[in-house]
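Computation of the quantities below employed the complete heavy-atom set of this structure, encompassing side-chain atoms and omitting hydrogens, waters and symmetry-equivalent molecules. As the structure is a computational prediction, the values presented were derived from the model and not from experiment.
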Amino acid sequence: MLRLVAIDLDDTLLCPNGTISRRVQDAVQAVRDAGVLVTLATGRMYQSALPFAQQLSLDLPLITYQGALIKTTQTGEVWRSLQIEKDILVHLLRFLEQKQVHINLYVGD
């Protein structure tokens, strides 16, 4: 029995123009009406995913930052927050700079 559906945003839930189609909205609602829990699981930041969850009236925690932050949509309660220790991060950034790769860095509170 299916109990939970976790949906990615980019190239999955969202249209190329960054919106959720009516057909997808209806499909998500049909899944919820069948008693299945639905949430979002994305590499995006929480604040970027939240409006889509609100549009779909999702009230489960969102899985964001590739799973590093799991936070509720209603109360903002943090269920999981993984951070890299500063000394490890410095070594990692130096290594990646030597490899000349693109780096995205998210700094939290």
Side-chain angles (χ1 to χ4, degrees):
M1 178 174 163
L2 190 62
R3 297 189 310 180
L4 172 71
V5 173
I7 308 169
D8 186 26
L9 288 173
D10 299 300
D11 299 323
T12 304
L13 185 81
L14 301 179
C15 296
N17 66 2
T19 62
I20 303 173
S21 71
R22 171 53 51 198
R23 181 177 177 203
V24 168
Q25 290 178 50
D26 292 344
V28 168
Q29 188 58 52
V31 169
R32 293 179 69 210
D33 290 345
V36 178
L37 301 172
V38 177
T39 193
L40 302 178
T42 180
R44 287 185 179 215
M45 299 178 290
Y46 175 83
Q47 289 300 328
S48 176
L50 184 59
F52 298 109
Q54 291 170 332
Q55 181 181 353
L56 295 169
S57 301
L58 303 180
D59 59 1
L60 292 179
L62 302 182
I63 304 164
T64 59
Y65 294 105
Q66 306 291 22
L69 178 65
I70 301 174
K71 187 174 176 179
T72 64
T73 58
Q74 300 299 315
T75 66
E77 178 185 0
V78 175
W79 284 21
R80 177 185 175 118
S81 177
L82 298 176
Q83 300 173 3
I84 299 174
E85 299 293 327
K86 184 178 179 181
D87 58 330
I88 295 172
L89 178 61
V90 169
H91 291 295
L92 178 60
L93 288 174
R94 286 185 182 142
F95 172 79
L96 293 173
E97 286 173 343
Q98 291 173 1
K99 300 296 181 183
Q100 298 181 350
V101 298
H102 177 79
I103 300 169
N104 282 331
L105 182 64
Y106 299 102
V107 180
D109 297 336

#### Entry: Note, Lys71 side chain near Leu50 side chain (heavy atom, < 4.5 Å)
no
Exercise for review: Return yes if some donor-acceptor pair links the side-chain N/O of Thr73 with the main-chain N/O of Leu58 below 3.5 Å, else return no.
Suggested key: yes
Answer yes if Val28 and Leu14 sit in the same cluster of Ile, Leu, Val, Met, Phe, Trp and Tyr residues linked by side chain heavy atoms under 4.5 Å apart, and no otherwise. yes
dist Arg32:CZ -> Asp59:CG (nearest 0.5 Å) comes out at 6.0 Å
Rounded to the nearest 0.5 angstrom, the CZ-CG distance for Arg3 and Leu37 is 8.5 Å
What one should report as the nearest heavy-atom pair of Pro51 and Ser48 is CD-O, 3.5 Å
Value for CD1 (Ile20) from CG (Asp26), rounded to nearest 0.5 Å, stands at 11.5 Å
inquiry  = Test of understanding: clusters of I, L, V, M, F, W, Y form through side-chain heavy atoms closer than 4.5 Å, transitively. Do Leu82 and Ile103 belong to the same one?
reply    = no
Taking a hydrophobic cluster as the set of Ile, Leu, Val, Met, Phe, Trp and Tyr residues connected by side-chain heavy atoms closer than 4.5 Å, whether directly or through intermediates, do Leu40 and Leu4 fall within one such cluster? no
Exercise. According to a 4.5 Å side-chain heavy-atom criterion applied to Ile, Leu, Val, Met, Phe, Trp and Tyr, with indirect links allowed, do Ile7 and Ile63 form part of one hydrophobic cluster?
Worked result: no
Separation between CD (Gln25) and CZ (Arg23), nearest 0.5 Å, reads 13.0 Å
>> Please determine whether side-chain contact (heavy atoms from CB on, under 4.5 Å) holds for the pair Leu89 and Gln83, giving the CA-CA distance in whole Å, both sets of side-chain angles, and the decisive distance to 0.1 Å.
In response: CA-CA 10 Å; Leu89 178 61; Gln83 300 173 3; over 6 Å; no
In terms of heavy-atom contacts, Tyr46 and Tyr65 come closest through N-CE1, 3.8 Å
Check your understanding: Under the side-chain contact (heavy atoms from CB on, under 4.5 Å) criterion, do Thr42 and Phe52 qualify, and how do the steps go?
Key -> CA-CA 11 Å; Thr42 180; Phe52 298 109; over 6 Å; no
Exercise for the section: Look at the side-chain heavy atoms of Ile, Leu, Val, Met, Phe, Trp and Tyr, link any pair under 4.5 Å apart, and say whether Val36 and Leu60 land in one connected group. Expected result: no
CG of Leu9 to CZ of Arg44, rounded to nearest 0.5 Å, is 5.5 Å
CD1 of Ile84 to NE2 of His91, rounded to nearest 0.5 Å, is 13.0 Å
